[in-house]
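The structure appears below as structure tokens.
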Amino acid sequence: MVDIERVSARPVSMTRMFVVHAVITLIPVLIVGLVLAEGYRSEARQRGLSEGRSEAVLVARTAIEPILDAKPLRAALPPGQLADLNRVVTHAITERDVLRLRVRNLSGRVLFSDDGSGFNEVPEDEALDAARGQIVERLTHLNSDSNDEGSAGPESVEVYLPLVVSDQQVGVLEVYLPYAPIQADVTAGLHMLYWSTILGLAALYIALFAISLSVSKGLRRQVKENRFLAEHDALTGLANRALFHTRGVDALRSQAATEGRTVIALLDLDRFKEVNDTLGHHSGDELLGIVATRLTEVVGSDASVARLGGDEFGVILAGAADPEPVLNRIRRALAQEATVSGLPISVDSSIGYVVAPEDGTEMVDLLQRADVAMYLAKFDHAGLCRYDPARDHYDAAKLHLVSQLRHAIDAGQLVLHYQPKATVADGSPRAVEALLRWQHPELGLLYPDAFVPLAEQTDLIDKLTAWVMTRALGEIADMGDAVGDLAVAVNISARNLIRPDFAVQVIGILTASGMPAERLIVEITETALLVDPARAATVLGELAAAGVTVSIDDFGIGQTSLSYLATLPVGELKIDKSFVMDMLANPTHAAIVASVVDLGHNLNLRVVAEGVEDAAVLDRLRATGCDLAQGYHIARPMPGRALGEWLRPKALPSAH
Ligand code: C2E
Ligand code: CA
Ligand code: CA
């Protein structure tokens, strides 16, 4: 938003800049125009004068000089010459447009005048200059009344020039030519100059205008682009969460006006993270692009589709009476196989939706409820689920937690604490159990009871277990000699065993960690075994065959049949802490502990007592022959670094 404001503020200052620029350019252009006009005016006058001069020279050479003799004119002209002069001058006046013509001798005296004037005048300087061989011309006004120059007559070019016959100057010719036709040329030229200046200016400003137009157009486009970026997801080009929200509010407003209905649906891809993790981010992006395209295709132009982040999408369907057909079409379209990085991939998705106004009228509430519905869809493996207020009351907070847990792994919010299992005989540690903790950004440190059962209801538990196993093996391996050949116990959920490739996955993690299979213990609760005993037997068999120790956790509270237990490839029994903790006060529990120890030993199993909180219990366990003990009395679960500290002063027993 800040970007948009910053950019949209620009065109204003651009306009100001344009005005300033126009003013600045106008001044030199005006000056240039004035200088040009003045230059042109004097140039035109100069040209007028020289034209007049050439004309006068022409009259002298062609009309006057041929009549004269090659000797200086004296006081008067002979009558024959006068007659000739009269003839040619009449011709010149009519043909050549001459206004006045006089012939003077070298003293400047007028000997001939076409109109009979000037005979008694004192010769002017110009006449005397011409008598000395110069050509003199000037602009003047010819006074027609007094036959003399003044300010009233027509403007004319007055030329004095020497009359030369056979290389000898014989007199002076004085000619007046009309300046009006020349001036017509001049004004025409000036007009042209003004017009071209005006046109030039106009062209300049049109050009400037065009430039500013294209600049502001560019800016407008940039503003548009920035707004697009602020409101859209860069990867898919779909609307982002902010725009989705705005559109939702708009849709709700117009729906309220028409008393129609609005459907807001949230869609989450199942197992998207797997694609991302196994094929890489590039493939993940490619898949998101495909999803975006298919979504848009299915809902058409009437609906608004947005990418809300990660693998979560949103759809607004305005006026949809029953959205399920469309939403199911979306799920089917996404489930169709797509080729990502050359591999065929199909995506399952879960969609939760709300219908306004029944499920709410405010966008914020509706989004939250659609979110709840989406997680219900995931929980129930229903794929599609409408918001149900009856379930929201209880589920919402937990469901929200699951959605956060999904991101917690990548966000690095999960940590492992380790609790040693030590020999009852001498207290030497033999193994550590990895116990999961969630450093929640708002809720603080969460214990597994608060979130593991939720993860167990979705496929998230697969990822969680894999993470714990990888991390636990990695951290213990990193401790190297400090931990000797200590084994690592990891808790497994019933749901993990459902995955057909679980054992393969565990062996893969083991191999990657570089740890021998003998150093991994999988703890599975007695009750978890009962979810699918046959399947559990198969998976545990595969793990045991690979060298992994199988431990039955919380033993004693379930009803495992002893014959079933005998068929399992078990290596360890952990007596549930509820029996251990109060075994000194509760003889029944003490008896159970003692008989589990016996049972285990009869089946060749190692027996662990958990929940050992004091020395007296440890002493009693020693008396019953229990192998290992785990509990606050020995050590509380602690972070990996603390474990290193805890182990250091103790002399680690060598392997078995
Ligand atoms: P559990 O496997 O039975 O783990 C033992 C629990 O007892 C741990 O609780 C431990 O902190 C606690 N405990 C240990 N010594 C004593 C003691 O002397 N007295 C008492 N009162 N409690 C003691 P925690 O860490 O809260 O774990 C609870 C349960 O969460 C675990 O029970 C286990 O079933 C589950 N869990 C923990 N980590 C994981 C995990 O990574 N994956 C799975 N699937 N489940 C986990
Ligand atoms: Ca356990
Ligand atoms: Ca236990």
Side-chain angles (χ1 to χ4, degrees), residues 1 231-233 238-270 291-292 295-296 298-331 334 349-407 442-443 454 457-458:
M1 291 317 270
E231 293 183 333
H232 291 79
D233 163 47
L238 293 179
N240 64 12
R241 188 177 280 276
L243 184 57
F244 185 69
H245 195 94
T246 312
R247 287 186 179 164
V249 171
D250 289 348
L252 291 173
R253 195 176 301 136
S254 50
Q255 158 230 285
T258 60
E259 291 181 14
R261 302 163 93 217
T262 303
V263 172
I264 291 161
L266 297 183
L267 178 149
D268 191 271
L269 305 182
D270 300 344
V291 168
L295 259 175
T296 317
V298 173
V299 298
S301 52
D302 310 338
S304 175
V305 180
R307 179 171 170 230
L308 307 179
D311 55 347
E312 200 179 321
F313 293 82
V315 179
I316 299 169
L317 301 167
D322 178 14
E324 300 226 341
V326 183
L327 298 177
N328 275 321
R329 244 185 292 138
I330 289 177
R331 294 192 65 241
L334 296 188
S349 53
S350 302
I351 300 179
Y353 72 94
V354 285
V355 181
E358 289 94 318
D359 298 333
T361 49
E362 296 298 321
M363 190 60 184
V364 182
D365 299 339
L366 289 166
L367 273 178
Q368 205 176 340
R369 286 164 194 171
D371 206 44
V372 168
M374 186 178 81
Y375 282 107
L376 287 176
K378 265 196 198 300
F379 269 31
D380 301 348
H381 293 271
L384 180 62
C385 184
R386 181 176 169 174
Y387 170 74
D388 178 0
R391 293 184 68 182
D392 185 18
H393 195 67
Y394 168 73
D395 289 335
K398 284 186 181 175
L399 293 172
H400 187 53
L401 209 57
V402 179
S403 83
Q404 290 181 318
L405 183 56
R406 256 170 218 285
H407 305 117
E442 289 121 37
L443 304 174
L454 296 175
Q457 291 180 55
T458 71

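Predicted model, so just to flag it, every value in this text is computed and none were measured.
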For this session: Evaluate the criterion side chain to side chain contact (heavy atoms under 4.5 Å, CB included) for residue pair Phe244 and Met363; output intermediate values, then yes/no.
Result: CA-CA 10 Å; Phe244 185 69; Met363 190 60 184; 4.0 Å; yes
For this session: Measure across Cys385 and Leu376 and return the closest heavy-atom pair with its distance rounded to 0.1 Å.
Result: SG-CB, 3.8 Å
Problem set entry | side chain to side chain contact (heavy atoms under 4.5 Å, CB included) between Val326 and Val263, intermediate numbers included | CA-CA 11 Å; Val326 183; Val263 172; over 6 Å; no
For this session: Taking the side chain as every heavy atom from C-beta outward, state whether Leu317 and Leu327 have any atom pair closer than 4.5 Å.
Result: yes
Problem set entry | Glu362, CD atom: more than 12 neighbouring heavy atoms under 6.0 Å | no
Problem set entry | Between CD on residue Glu231 and CG on residue Asn240, distance to nearest 0.5 Å | 7.0 Å
Exercise. Does the pair Glu312 and Arg241 meet the rule for a side chain to side chain contact (heavy atoms under 4.5 Å, CB included), with working shown?
Worked result: CA-CA 10 Å; Glu312 200 179 321; Arg241 188 177 280 276; 3.9 Å; yes
For this session: Might you point out which heavy atoms bring Leu366 and Gly360 nearest each other, and give the distance in Å?
Result: CD2-O, 3.5 Å
For this session: Decide yes or no on side chain to side chain contact (heavy atoms under 4.5 Å, CB included) for Leu384 and Asn328, but give the supporting numbers first.
Result: CA-CA 7 Å; Leu384 180 62; Asn328 275 321; 3.6 Å; yes
Seminar exercise, completed: Residues Pro357 and Gln255: closest non-hydrogen pair is CD-NE2, 4.1 Å
Exercise. Can you check whether Asp359's main-chain N or O pairs, donor with acceptor, with Arg369's side chain at less than 3.5 Å?
Worked result: yes
For this session: Find the distance between CG (Leu334) and CG (Leu267) and round it off to the nearest 0.5 Å.
Result: 6.0 Å
Problem set entry | SB check Arg253 Asp250 (cutoff 4.0 Å) | yes
Exercise. So does Arg261 pair up with Glu358, basic N to acidic O under 4.0 Å?
Worked result: yes
For this session: Find out whether Leu252 and Thr361 are in side-chain contact, i.e. whether some heavy atom of one side chain is under 4.5 Å from a heavy atom of the other.
Result: no
Exercise. Nearest 0.5 Å, what's the CD1-CG distance between Ile264 and Leu367?
Worked result: 6.0 Å
Seminar exercise, completed: Tightest non-hydrogen contact, residues Leu266 and Asp371, listed as CD1-N, 3.5 Å
For this session: Check Tyr353 against Ala373 and note the closest heavy-atom contact, atom names and distance.
Result: N-CB, 3.7 Å
Exercise. When rounded to the nearest 0.5 angstrom, what is the spacing between CZ in Phe313 and CG in Leu308?
Worked result: 8.5 Å
Exercise. Of all residues at least two apart in sequence or in a different chain, which pass the side-chain contact (heavy atoms from CB on, under 4.5 Å) check with Ser403?
Worked result: Tyr375, His400
For this session: Would you name the heavy atoms of Ser350 and Met374 that are closest together and state the gap between them?
Result: O-CG, 3.7 Å
